[in-house]
Amino acid sequence: MAVSEYLQRNRERSLEELNEWLRIPSISAKSEHRDDTARAAEWLAGRMRAVGLQTVDVVATAGNPVVVGEWRGAPEGAPTLLVYGHYDVQPPEPLDEWNSPPFEPVVKDGRIYARGSVDDKGQVYLHLKAVEAHLAENGALPVNVVFLVEGEEEVGSPNLGKFLQEHVERLRCDAVMISDTTMFAPGLPSITVGLRGLAYMEVRVQGPATDLHSGAYGGAVVNPALALARILSQLHDADGRITIPGFYDRVRELTQEQRDAIAALPFEEEGLREEVGAPALGGEKGFGSVERIWARPTLDVNGLLSGYTGEGAKTVLPARAMAKVSMRLVPNQDYKEIERVFIDHVKSLAPEGVTVEVEALHGGQPWFAEPEGRLFDAAKRALARAYGRDPVMIREGGSIPIVQSFQETLGAPVVLIGFGLPGENAHAPNEWMSVDNFHQGAEAIAALYEELR
Ligand code: BES
Ligand code: ZN
């Protein structure tokens, strides 16, 4: 097949282009990288024009720009697909744990090592490769395609909801396609039908007006670090359940059928333990790891700060302590409601002698969809063609805050086809994407366009 041959002939060049993009440190969390994120957007827009998209715009927002690229030359009545992804990446720290610099991609043992390789530049770029192959070989695509690639996904997509509202007409489509997730196992194609939501909070505890000598004052002044530790330690019970009143009110419980389907997947608890390198796994009582990650809400501490943490010892009673706390949510929890019950509860736990402030930093709704419809069926066939076996339906524990809004605002079904792999180190040092999956992913998407014909 010509399209597939085109992709194979151009593998080297495709990878080199991706590496060029990966060299741009488009870190959305850090304002000093604003120019880099803008450069990453322009780079992508340039590639979209080069492969023959008809209209390509880099649209300014209150934050980082959104790249919109359209090809609308399909025959009358053909469906329109919206391809969503993000060109921003997570901060690479801690740098000394990388085996090669995060923004100098290295291909080794069939993996592309770089920040953003799998999350999400590699997965976005393979879609553009599929389009390129069709346009180069056939001069056309069987479907209309609109790319929407944003630069703020990793900071909670604060400006994309508004962008959607303002561009509803331009973004109107029959289905949304996203590659920003993982396959359940190597060689096992996967369609993701559920994502968790997120409520991300910052807790600040203030004690005395300034740091104090812990000998001169310790024992007579409440220690904010200990106060914070006590608050945090009360947020779970002995069974690993979250103690915030109202937290579980709207949680949709797993059905027996869903639990059976999870149990039927090829998964070993010990394999996960080895993957993460912890001495043992742990979580809410009564559930396996896959259930805990896919379908149970959680509360995690993402960061803690207080007092003296440098070399040696310093006898000090710190003036303040801070924690970053995030909760992953499942249908039908609502992140606004969870923010409220969290704030109320944490404040109620504040001991006398300190003040506690809680701020919601960002959030997103959980998402779950029934795998049905024309795009789903086509995606199943295309993945089976590219990988030689039928895809499995999975959920994932991560979040893509805008997914639920796509469904609501555009009224279109969303299909998530991930080409990441377990252990890919997304958000961690030594992130990688499988080179085979980059190429096979492009094949699968190219096949999907044909299946939709
Ligand atoms: N690609 C991830 C989403 C993801 C993570 C899917 C794990 C499947 C498994 C996405 O880029 C991401 O990291 N999202 C953030 C969103 C947050 C910053 C609002 C996340 O989940 O932490
Ligand atoms: Zn991410």
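First listed ligand is number 1; within each ligand, the first listed atom is number 1.
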Engineer: I'd like to check which ligand 1 atoms, numbered from 1 as shown, lie under 4.0 Å from a non-hydrogen atom of P401.
Structural biologist: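 It comes down to these atoms of ligand 1: 19 (C).
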Engineer: If we only count heavy atoms from C-beta on, is the D390 to K380 side-chain gap below 4.5 Å?
Structural biologist: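 No, their side chains stay 4.5 Å or more apart.
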Engineer: Give a yes or no on whether D120 keeps an N, O or S atom under 2.8 Å from the Zn ion (ligand 2).
Structural biologist: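 Here the distance criterion (N, O or S atom, under 2.8 Å) is not met by D120, so no.
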Engineer: Using 4.0 Å as the upper bound for N to carboxylate O, is an ion pair formed by R39 and E42?
Structural biologist: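 Not counted as a salt bridge, because no side-chain N and carboxylate O are separated by less than 4.0 Å.
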Engineer: Does any N or O atom in E396 lie less than 3.5 angstrom from one in ligand 1, N or O only?
Structural biologist: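 No, E396 has no N/O under 3.5 Å of an N/O on ligand 1.
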Engineer: Using a strict cut-off of less than 4.0 Å between a Lys/Arg side-chain nitrogen and an Asp/Glu carboxylate oxygen, indicate whether E284 and R292 qualify as a salt bridge.
Structural biologist: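 Not counted as a salt bridge, because no side-chain N and carboxylate O are separated by less than 4.0 Å.
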Engineer: In terms of residue, atom name and distance, what is the protein heavy atom nearest to atom 14 (N) of ligand 1?
Structural biologist: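 Atom 14 (N) of ligand 1 sits closest to the protein heavy atom S399 O, 2.8 Å.
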Engineer: Is T182 in contact with ligand 1, taking contact as a heavy-atom separation below 4.0 Å?
Structural biologist: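 Under 4.0 Å: no for T182.
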Engineer: Heavy-atom distances under 4.0 Å decide this one: backbone, side chain, both or neither, for D180 against ligand 1?
Structural biologist: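 Within the 4.0 Å criterion, D180 contacts ligand 1 through backbone and side-chain atoms alike.
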Engineer: Walk me through it: do T182 and E424 pass the test side chain to side chain donor-acceptor pair (under 3.5 Å)?
Structural biologist: CA-CA 9 Å; T182 58; E424 67 195 5; 5.5 Å; no
Engineer: Take Q333 and R250, measure what side chain to side chain donor-acceptor pair (under 3.5 Å) needs, and give me the verdict at the end.
Structural biologist: CA-CA 5 Å; Q333 286 177 299; R250 291 184 197 275; over 6 Å; no
Engineer: Is T181 in polar range of ligand 1, meaning some N or O pair under 3.5 Å apart?
Structural biologist: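 Min N/O separation from ligand 1 is not below 3.5 Å for T181.
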Engineer: What about E153: any of its N or O atoms under 3.5 Å from an N or O on ligand 1?
Structural biologist: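 Indeed, backbone or side chain, E153 has an N or O that close.
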Engineer: Run the salt-bridge test on R23 and E20 with the 4.0 Å N-O cut-off and return the result as yes or no.
Structural biologist: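 Between E20 and R23 there is no salt bridge, as every charged N stays at least 4.0 Å from the carboxylate O atoms.
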Engineer: Please confirm whether H86 comes within less than 3.5 Å of ligand 1 when only nitrogen or oxygen atoms on both sides are compared.
Structural biologist: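 Yes; the residue has a nitrogen or oxygen that sits under 3.5 Å from a nitrogen or oxygen of the ligand.
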Engineer: Give a rough value, rounded to 10 degrees, for the angle at the Zn ion (ligand 2) between atoms OE2 of E154 and OD2 of D119.
Structural biologist: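 Result: 90°, to 10°.
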Engineer: What I'd like to find out is whether the side chain of V131 reaches to under 4.5 Å of the side chain of F147, using heavy atoms alone.
Structural biologist: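 Counting from C-beta outward, V131 and F147 do come under 4.5 Å.
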Engineer: Look at R273 together with E269 and state whether they make a salt bridge at an N to O cut-off of under 4.0 Å.
Structural biologist: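 Here R273 does not pair with E269 in a salt bridge, since their nearest N and O are not under 4.0 Å apart.
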Engineer: With atom 22 (O) of ligand 1 as the reference point, say which of R196, E154, R328, E424 has the nearest heavy atom.
Structural biologist: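 Of the listed residues, R328 has the closest heavy atom.
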Engineer: Counting backbone and side chain alike, does H86 bring an N/O/S atom below 2.8 Å of the Zn ion (ligand 2)?
Structural biologist: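 False for H86.
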Engineer: Measure the acute angle between the ring planes of Y125 and W43, then classify it against the limits of 30° and 60° as parallel, tilted or perpendicular.
Structural biologist: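 It falls in the tilted class, 30° to 60°.
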Engineer: Check for me whether G156 has a heavy atom closer than 4.0 Å to any atom of ligand 1.
Structural biologist: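 Right, G156 reaches ligand 1.
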Engineer: Any N/O/S atom, side chain or main chain, of D180 closer to the Zn ion (ligand 2) than 2.8 Å?
Structural biologist: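 It does not; every qualifying atom lies at 2.8 Å or beyond.
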Engineer: Students should be able to answer this: which protein heavy-atom is nearest to atom 5 (C) of ligand 1, and at what distance?
Structural biologist: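 Heavy-atom neighbour on the protein nearest atom 5 (C) of ligand 1: G398 CA, 3.6 Å.
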Engineer: Which heavy atom of L126 sits nearest a heavy atom of N437, and at what distance?
Structural biologist: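 Answer, listing the atom of L126 first, then N437: CD2-O, 4.2 Å.
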Engineer: Out of V89, V118, D120, L198, who is nearest to atom 19 (C) of ligand 1 when you count heavy atoms only?
Structural biologist: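 Of the listed residues, L198 has the closest heavy atom.
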